[in-house]
Amino acid sequence: MSSAAMIDRYRWWEIVLIYCGIALFLFFVLAPFFEGFMVSLKPLSQLFSSPYRFWPENGSFEAYRTMWISVPGFARYIFNSFFISTIVTLIVLCLVIPAAYAFAKFEFKGMGILLGAFLTVNMFSGAVLLIPLFRLMRSMGVLNTYFAMIVPGVAFLIPSAIWLLRTYMIRIPQELNEAAYMDGASHFYTLRRVILPIAMPGIIVVAITTFIGAYAQQFIFALTFNSKTEYMPLPVGLFAYFGKQEVIWNELMAASFVGIAPAMVVIFFLQRYLVGGLTAGAVKQ
């Protein structure tokens, strides 16, 4: 059914209500980001002026320049976050892809228990397991290293990634597996040459969500498992803008926007792969 036929099913006022609802949703989602950007353009003296002005007077990008001066190691914080998130994403994908394939295409004893255990892991906050993780990292001698933040990130992100990718792989027709098996292909060959190309949109979605999750969850692990500045990620670096007497809000907002730029670049270049329907026509009815 064409999109035009679907639109014709609604009256004009219903279409107006739908678009108004979408616009309202986008407003509440995007307004905090736009306000934060306006704060980064204002001089610090205007942030608490009365009456409050949304649009900055004599706004400039001065805060974006001064933030590098006030926190000299800020570029290192961004690199650490990007590096940790990238490594976590690669490790998670290497472990999750075969696991999701097995859970989606095969039936084996204890599968339901394992899937339930993955959900249970997601119910625990990282703060609950900080002390056991700290003792484990200390016994392994990996405190104050990248390894101390990569391992917890991988452990906490694998369960949700398996569930997400498994759901996508279930939609891939089983006939493709059976056809490859009839041709004598092994399970690994089938996964590599048949399933992976079709499941690429789902894999990209998992990669993006994993990268964002790893980028966002580094704060508590970094404070617990690291005390060296050269290994600190971006969330910890942002605390340098919290002074004893005041918070330098305009520089903090500027640093936040610069800090999330690498993640936005990754999403921008990967979004074109987020196209569904690659299985269309794979199996003819």
Determine whether Arg11 and Ile15 make a side-chain contact, defined as any pair of heavy atoms from C-beta on separated by less than 4.5 Å.
-> no
For Glu35, side chain to side chain donor-acceptor pair (under 3.5 Å) partners two or more places apart | Tyr52
With sequence neighbours excluded, residues passing side chain to side chain donor-acceptor pair (under 3.5 Å) with Thr66 | Glu251
Output all residues satisfying ring-ring contact (aromatic ring centres under 6.0 Å, His included) with Tyr215, sequence neighbours left out; order by chain, then residue number.
-> Phe211
Quick check: does any side chain N or O of Trp249 sit under 3.5 Å from a backbone N or O of Gly36, one acting as donor and the other as acceptor?
-> no
So, the side chain of Lys42 versus the backbone of Ser60: is there a donor-acceptor pair under 3.5 Å, distance only?
-> no
Who pairs with Ala155 by side-chain contact (heavy atoms from CB on, under 4.5 Å), at least two apart in sequence or on another chain?
-> none
Are more than 12 heavy atoms from other residues, nucleotides or ligands located less than 6.0 Å from atom CZ of Phe106?
-> yes
List in chain and number order the residues that pass side-chain contact (heavy atoms from CB on, under 4.5 Å) with Leu24, two or more places apart in sequence or in another chain; answer none if no residue qualifies.
-> Phe28
Contacts of type side chain to side chain donor-acceptor pair (under 3.5 Å), residue Thr209, not counting sequence neighbours = none
side-chain hydrogen bond (donor to acceptor under 3.5 Å, both in side chains) contacts touching residues 132-142 (sequence neighbours left out) | none
Within 6.0 Å of CD in Glu14, more than 12 heavy atoms from elsewhere | yes
Identify, with sequence neighbours excluded, every residue that meets side-chain contact (heavy atoms from CB on, under 4.5 Å) alongside Phe61.
-> Phe37, Leu41, Tyr64
Note, Phe225 side chain near Val142 side chain (heavy atom, < 4.5 Å) | no
Using residues 91-104 as the side-chain source, report each donor-acceptor pair under 3.5 Å to any protein atom, sequence neighbours left out, with the distance given to one decimal.
unit_1: Tyr101; atom_1: OH; unit_2: Asn177; atom_2: ND2; d: 3.3

Donor-acceptor side-chain pairing of Ser40 and Asn250 below 3.5 angstrom = no
For residues 65-93, the salt bridge (charged side-chain N to carboxylate O under 4.0 Å, His left out) pairs (sequence neighbours left out) are Glu62-Arg65
State which residues pass side chain to side chain donor-acceptor pair (under 3.5 Å) with Ser85; sequence neighbours excluded, sorted by chain then number.
-> Gln218
Who are the side-chain contact (heavy atoms from CB on, under 4.5 Å) partners of Tyr231, not counting sequence neighbours?
-> Tyr146, Asn226, Lys228
